[in-house]
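The figures here come from the full heavy-atom set of this structure, side chains too, leaving out hydrogens, waters and symmetry mates. Throughout, protein chains are lettered first and strands after them, A, B, ... in sequence-line order, and every chain is numbered starting at 1. What you see is a predicted model; the values in this text were computed from it and never measured.
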Protein chains: 2
Amino acid sequence: MNLKQLSTLLGLSQTTVSRALNGYADVSEATRARVRAAAKAHDYRPNTRAQALATGRSRVIGHVIPKVSTHAMVNPIFADFITGAGETYSQCGYEMLISVVDVAEEEAAYRAMKRRGLVDGLIVSAPRMNDPRIELLDGIGLPYAVHGRATGTDRPYSWLDVNNRRAFARATDFLIDLGHRRIALINGLEAMDFAHRRRQGYEEALRARGIAPDPALMQQDEMTEGYGWRATRKMLAQPDPPTAFLVSSVICMLGVRRAIEEAGLTLGRDVSAITHDDQLSYLREDGPVPTFTATRSSVREAGQRLARMVIDRIDTPEAPHAHELLEAELIIGRSTGPAPG
Amino acid sequence: MNLKQLSTLLGLSQTTVSRALNGYADVSEATRARVRAAAKAHDYRPNTRAQALATGRSRVIGHVIPKVSTHAMVNPIFADFITGAGETYSQCGYEMLISVVDVAEEEAAYRAMKRRGLVDGLIVSAPRMNDPRIELLDGIGLPYAVHGRATGTDRPYSWLDVNNRRAFARATDFLIDLGHRRIALINGLEAMDFAHRRRQGYEEALRARGIAPDPALMQQDEMTEGYGWRATRKMLAQPDPPTAFLVSSVICMLGVRRAIEEAGLTLGRDVSAITHDDQLSYLREDGPVPTFTATRSSVREAGQRLARMVIDRIDTPEAPHAHELLEAELIIGRSTGPAPG
DNA sequence: TGTTGTTGCAAAAGCGCTTTGGATGGAACC
DNA sequence: GGTTCCATCCAAAGCGCTTTTGCAACAACA
């Protein structure tokens with residue numbers, strides 16, 4: 001059943017049926033009701049492609065996953081983020097297109113998306129410092145919103161980010177209040193903007209309390225369980241080991257806990273640790289008191305809100321850029337306690 | 001730059017330019033070369049929507065994520081699977097569309113996808129026992145391929161699956177060979193087909209060696225770290241505790257290991273454990289000898305191959321259904337050893 | 001009574017591509 | 001010389017919608 005068939009069936013023109021369904025004023029309420037009923041009865045759905053061709057808008061939003069190599073890590077927050085974004089898209093009548101592209105062809109991919117009219121807008125994920133994609137997309141003329149921020153870029157853009165600096169500063173502060181002085185940072189790759197900010201927050205909080213950041217207590221890497229374990233093990237073996245850890249993700253934290261327990265120490269008593277928690281659904285907690293003290297911010301919610309943000313960019317490109325800075329909650333769990341001694 | 005502009009620029013008709021670019025024979029090699037060169041020079045890309053409208057094919061494949069509730073778990077294998085599928089799609093000139101739909105509206109969503117001409121085919125994920133989607137999609141007339149199998153369905157369909165039964169049978173066998181008799185199964189939800197098959201393999205292997213499966217040693221739930229920990233803790237507290245564990249996912253395994261170590265036991269010496277390993281990139285290992293003994297099968301590779309399978313269904317719907325049964329490797333790591341005593 | 005405005009609908013153009021069904025001219029054949 | 005046959009190209013229709021434009025019919029106004 002297409003528009004033509006539906007309109008002959010109703011004894012109306014395609015124009016009228018189309019305008020009735022799309023809520024235009026120049027069709028009487030009586031005919032509109034008739035059209036609506038018929039459309040429902042025959043489960044009529046306008047052909048997306050034809051609609052897109054006629055309107056010049058595809059109602060599709062693209063997410064690009066740059067592929068570094070065949071073995072590169074896929075971001076574990078991806079699934080939850082997508083789910084959140086997808087919820088908003090469904091509500092707003094958009095579809096989500098995901099494109100896995102080789103990092104060398106990323107620029108070409110964006111251009112092609114625009115040229116081919118594949119998407120109306122984009123989500124930019126995992127921004128790096130001085131991320132070139134922002135200028136690129138502005139040049140191409142494709143609306144977008146960034147998940148995170150790109151330090152070093154001076155042009156305006158829309159973004160949504162967690163206040164990583166403040167979150168890690170607060171967490172550091174909290175540990176200092178508990179009497180800790182040797183606090184380690186198990187960070188993500190600091191080429192990533194979020195990791196860079198986390199270290200800033202950590203160092204600022206230390207300095208504000210008169211503690212000099214110690215390079216021997218800072219590590220950065222891709223946030224796997226194994227990395228958390230190795231980094232912690234190594235630090236605990238130092239002559240003057242840390243009594244507390246600040247960890248960049250729960251997956252990593254699982255490794256940190258393991259190393260601590262293997263060393264014969266008890267987490268939350270002998271050693272404290274705070275992790276950032278994206279509230280990934282497959283790592284969720286269910287007890288009343290969470291296992292880990294954490295700076296918590298739902299990445300699924302971030303997906304929902306960021307999706308709304310791109311849609312706004314598409315609808316009103318002339319509007320000023322939006323910025324949303326989500327404050328992470330500091331949730332007290334059982335992995336922190338007063339510094340020993 | 002669109003086709004019309006390109007063709008006037010070349011002094012040719014749209015027909016000729018189109019057919020030159022699409023490799024038809026009725027255009028001389030000389031003009032084809034000219035057209036190609038011009039297209040490249042102006043970075044001409046055919047408009048996807050127009051192409052789709054004209055051909056009746058969208059070159060898009062849909063992945064549906066059914067959403068149970070706002071807090072339901074998002075499948076952790078999702079990201080790696082998508083990445084694999086996306087790689088194949090890129091190679092074959094397809095796009096991937098992901099749709100998050102409320103489980104109550106799943107059927108309507110499939111119908112709408114067909115009606116609106118949104119996708120040419122679908123990937124069906126996480127099949128349950130007697131999964132109704134297979135009959136539904138056959139009825140709708142949308143090509144698809146299933147990631148896993150749906151026990152209880154008698155109609156033919158294309159699928160790709162890991163040989164879960166054999167993998168868990170082999171793992172069980174291996175543990176029995178090591179002298180274990182009390183072997184626990186920490187399974188996923190057995191409404192899921194893969195979990196059902198894993199239990200079959202486990203029980204068959206036990207019976208074949210004269211060991212009666214003990215319901216007290218079997219658990220099923222959503223595979224979180226917390227679940228692994230709780231289930232293991234509980235079982236270790238039993239009067240006649242298991243000496244070995246069969247675990248359905250690495251995330252779960254992390255919890256199992258924690259419970260074992262908390263009980264003062266050493267994994268691989270006092271207690272053995274084997275997990276299934278989907279080779280998720282963010283849980284990967286890098287050492288020469290893996291931490292966990294595991295039945296290993298890359299879910300990313302599954303994504304790649306399954307994508308190819310749907311594309312084949314779309315290209316040749318009359319071809320017989322394809323079936324691919326991937327055998328998991330049994331990788332010996334450091335989490336298994338001879339039964340104590 | 002004539003003019004203007006408003007309401008409700010339709011014809012037709014257009015979005016950018018593919019495809020059908022010729023058209024043209026030259027080579028090949030009798 | 002006439003016919004057939006390729007090889008190469010093109011005009012135009014069509015995919016299923018939206019949107020512009022316009023046309024009746026009728027009401028309202030002077």
Find every protein N or O atom lying less than 3.5 Å from an N or O atom of nucleotides 23-26 of chain D, and list the pairs.
none

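For the side-chain hydrogen bond (donor to acceptor under 3.5 Å, both in side chains) with Asp161(A), the lone residue among His147(A), His323(A), Arg149(A) that qualifies is Arg149(A).
At distances below 3.5 Å, not a single donor-acceptor pair connects side-chain atoms of Thr316(A) with backbone N or O atoms of Ala319(A). A donor-acceptor pair is defined here as one N or O able to donate and one able to accept, closer than 3.5 Å; no such pair exists between the side chain of Asp80(B) and the backbone of Leu280(B).
Side-chain atoms of Asn75(A) and Phe81(A), non-hydrogen and from C-beta on, never get closer than 4.5 Å to each other. A heavy-atom distance below 4.5 Å is found between the side chains of Met113(A) and Leu97(A). Under the 4.5 Å side-chain criterion, counting only non-hydrogen atoms from C-beta, Ile65(A) is in contact with Phe78(A). Side-chain atoms of Arg133(A) and Leu122(A), non-hydrogen and from C-beta on, never get closer than 4.5 Å to each other.
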Q: Encode nucleotides 12-20 of chain C as B, S and - characters from 5' to 3', where the letter depends on protein heavy atoms closer than 4.0 Å: B to the base, S only to sugar-phosphate, - to neither.
A: B-BBBBBBB
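Heavy-atom distances to DNA chain D give each of Val17(B) and Asp26(A) a nearest nucleotide, and the one nearer the 5′ end belongs to Val17(B).
Not counting sequence neighbours, Arg59(A) has no partner by the salt bridge (Lys or Arg N to Asp or Glu O under 4.0 Å) test.
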